[in-house]
Amino acid sequence: MGKNIQETLLKTPTGISGLDEITNGGFPKGRPVLICGSAGCGKTLFAAQFLVKGITDYNEPGVFMSFEETASDLTQNFKSLGFDFEKLKAEKKLRIDHVRIERTEIEETGEYDLDGLFIRLNYAIDAIGAKRVVLDTIESLFSGMENTALLRSEIRRLFSWLKEKGVTAIITGERGESSLTRQGLEEYVSDCVILLDFRVIEQIATRRLRIVKYRGSTHGTNEYPFLIDENGISVLPVTSLKLDYKSSTEIVSLGLPALDDAFSTGGIYRASSTLITGTAGTSKTILASYFAMSSCKRKEPTLYFSFEESPDQLERNMATIGIDFKQAIQSKLLHIHASRPSLLGLEMHLMVINNLLAELKPRTVIIDPISSLITIGNSSEVRAMLVRLMDTLKINQINALFTSLTHEGHSGYNSSALDMVSSLADTWINLENEERNSEMVRSLLIVKSRGMGHTNNKQDFTITNKGIHFTSSSKKTKST
Amino acid sequence: MKSKTKNQTPIEEKFVLTLYVAGMTRKSMEAIENIKWLCDKHLKNCFELEIIDIYKNPKIAEEQHIVFSPSLLKKLPLPTKTLVGTLSDTQKVLKALGITFDQ
C-alpha cells in the first residue's frame with residue numbers, strides 16, 4: 001500500500017519556544033532540516049538549543065558535529081545560556097565531535113569519499129542512541145578542497161544516510177550570494193528549510209525567521225521575529241494564541257472612586273486591558289498611577305513600564321499630587337522599569353517585558369506610554385507584538401493599562417497606531433484639555449468599555465495637590 | 001609513471017605512515033596498492049606503514065580526525081601531512097610526502 005506520509009508526518013518538537021506552533025508540532029521526524037542564514041544570525045545557537053532541549057525536555061540524546069568551533073569553545077559559549085554541555089556529556093546524552101580539518105596539511109591525491117565522517121557520525125549516534133544530530137556547518141568542508149563535485153555528491157549521500165538512520169538532523173549553512181546556502185545545500189535537503197535573518201532597521205537590530213519550505217506539512221508563511229536572550233531563542237508567532245482565555249467577572253478598581261462609578265459595574269473587569277489616550281499633558285500618567293496604586297492597595301504586585309520618565313522622576317512627580325509611590329516601591333509591591341524605547345528593538349522590549357512578567361508575576365501591568373513602542377517598528381510588527389503582549393497578559397490574568405499619546409489635530413480617534421491598540425483594548429478612556437471661557441478644562445470620556453455600561457458624558461476634573469478631583473461627575477449610566 | 005626513480009636522494013629519515021581506509025572497498029584497495037608500491041620503490045627500508053580499517057575501529061577515526069577516506073597520515077618526518085584519496089597521483093603524493101629527487 002502507498003505510504004500515507006502527508007497525513008501522518010511525525011513531528012519532532014524543536015524545543016524552541018514558539019517554533020512548534022508555527023510548524024504545527026516541530027520538525028519532520030527522522031529527516032534533515034536545513035537552517036540557513038548569514039554569519040551571526042544565530043544558526044549555531046538554534047542548533048544547540050534543538051539538541052539540548054531535545055535531551056532535557058524530550059529525552060532524546062543528541063550528537064553535535066561541529067565543523068567550526070571546538071568542543072570546549074561550544075561548551076564555553078553556551079554556558080551563559082544555561083546549556084550545560086559537560087553535564088549532558090557525562091550523562092551520555094550528548095556527544096560533541098569537532099571535525100578539525102587542517103587545510104594546509106591536506107593534499108588530494110585521487111578519488112576519495114566521506115566515509116571517515118560517516119563512520120564517526122555513526123559511532124557517535126550509536127554510542128548514546130542519539131535521535132537528534134546537528135551538523136554545524138558542513139559547508140566548511142568545501143573550503144580549500146578542489147573536488148567540489150565529489151564533495152557535493154558525498155553530502156547528498158550523507159543526507160540520505162541520515163534519513164535512513166532515522167535521526168532528525170539540523171544542518172546549518174551560510175547564506176550564499178544568489179542561493180540560500182553557498183553550496184546550494186537546499187537542493188539536497190528537500191524536506192524542511194528555515195531561513196534566519198538578521199538586519200538592522202533604523203539602527204535597531206531585528207531577527208527574523210521564515211520557513212522557506214516544509215514538505216508535507218502546513219506551516220506559517222510569515223516572517224516571524226525571534227529573539228535571543230539568556231533563555232536562548234524564542235520565536236514570536238504573530239497570531240499563535242487563540243482567543244480562548246478565561247474571562248473574569250471580578251471587578252477591580254481604577255483607583256479613583258468617581259471613575260469607578262462611571263462604570264455600571266463599579267470598576268473594570270480583572271484581566272482586562274485599558275487604554276488611556278490623550279494629547280500631551282492630559283494627565284495620562286496620573287491616571288495610570290492611580291491604577292497602579294489601586295493594585296498595590298489590593299496587595300497585588302504591580303509592574304510599571306515607564307518609557308518617558310525615570311522611576312525617581314515618576315516618584316517625585318506623583319508625590320506632588322499625593323500618590324505615594326515610594327512606599328509602594330519599598331513594600332516591593334510596585335516595580336518601576338524605566339528605559340528609553342529606542343534603546344532596544346521591539347522584540348527586545350517584548351523580551352524584557354516577558355522576563356519581568358515571569359520574574360515578578362505581577363497582577364497589574366502598566367505601559368506608559370505604549371505609543372513610544374509604536375514608533376520603533378513598522379505598524380504590522382508593532383501590531384503583532386501588541387497582540388502577543390496583550391494575549392500574554394490576558395492568559396496570565398493580568399490587569400493591563402496602556403497609555404497612548406495622541407497628537408493635536410488628529411482628533412485622537414483616527415491615528416493608525418491608535419487604531420490597533422484601541423481595537424485590542426477592552427476599555428478606552430480619552431483625556432482632553434480644552435479651553436472653555438478662557439480657562440483650560442480637563443475632561444475625561446469613556447469611549448468604549450466591553451461588557452460594561454458606562455457614562456457617556458465628558459467628566460471634568462481638576463488636579464490638586466491631593467490628586468484628581470472630579471467636578472462634574474455624572475452618575476448616569478447606560479446599559480449594554 | 002613520470003617519477004624519476006634513478007636519481008633519488010638517499011632517504012635517511014624514517015617515514016612513519018598510517019593509512020586509514022573504510023572497509024575493503026575499491027578505493028581502499030587502490031590506496032593500499034599505491035602506497036605499498038610507492039614505499040617499496042622510494043622508501044626502501046626506511047618506512048613504517050600501518051593500515052587501519054576505521055570501520056572496525058571507529059573510535060580511531062574520531063581520535064585521529066579522519067573525515068575523508070582513504071586518508072594517509074604522515075606522522076614523521078615532520079611536518080605532519082594528510083593525503084586524502086587513492087594516492088594515484090604519484091607526483092603529488094611524492095611531493096606531499098616530501099620525497100625529492102635530483103634533477
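Convention: sequence-line order gives letters A, B, ...; per-chain numbering from 1.
Within 6.0 Å of CE on B:Met24 lie more than 12 heavy atoms contributed by other residues, nucleotides or ligands. Within a 6.0 Å radius of CD in B:Glu33, no more than 12 heavy atoms belonging to other residues, nucleotides or ligands are found.
If you tally non-hydrogen atom pairs under 4.5 Å between each of B:Lys74, B:Lys92, B:His65 and chain A, the highest count goes to B:His65. Between chain A and the options B:Leu83, B:Ile66, B:Val84, B:Leu72, heavy-atom pairs under 4.5 Å are most frequent for B:Val84. Between chain A and the options B:Val93, B:Ile54, B:Thr82, B:Asp89, the largest number of non-hydrogen pairs under 4.5 Å is found for B:Thr82. Ranking B:Ala22, B:Ala61, B:Ser28 against chain A, the residue ahead of the rest is B:Ala61, based on heavy-atom pairs under 4.5 Å.
The line from NE2 of A:His98 to CD of B:Glu62 is 12.0 Å long, rounded to the nearest 0.5 Å.
Looking at A:Ile101, only its side chain comes within 4.5 Å of chain B, counting heavy atoms on both sides. Residue B:Lys59 touches chain A through both its backbone and its side chain, counting heavy-atom pairs closer than 4.5 Å. For A:Met65, no part lies under 4.5 angstrom from a heavy atom of chain B. At a 4.5 Å heavy-atom cutoff, the contact between B:Lys81 and chain A is made by backbone and side-chain atoms alike.
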query = What do the steps show when you test B:Lys75 against A:Glu105 for salt bridge (Lys or Arg N to Asp or Glu O under 4.0 Å), and what is the final call?
reply = CA-CA 11 Å; B:Lys75 286 177 187 143; A:Glu105 285 183 18; over 6 Å; no
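Chain B is approached within less than 4.5 Å, heavy atom to heavy atom, by A:Glu108, A:Thr109, A:Gly110, A:Glu111, A:Tyr112, A:Asp113, A:Leu114, A:Asp115, A:Gly116, A:Leu117, A:Ile119, A:Arg120, A:Tyr123, A:Leu141 from residues 108-143 of chain A, ordered by number.
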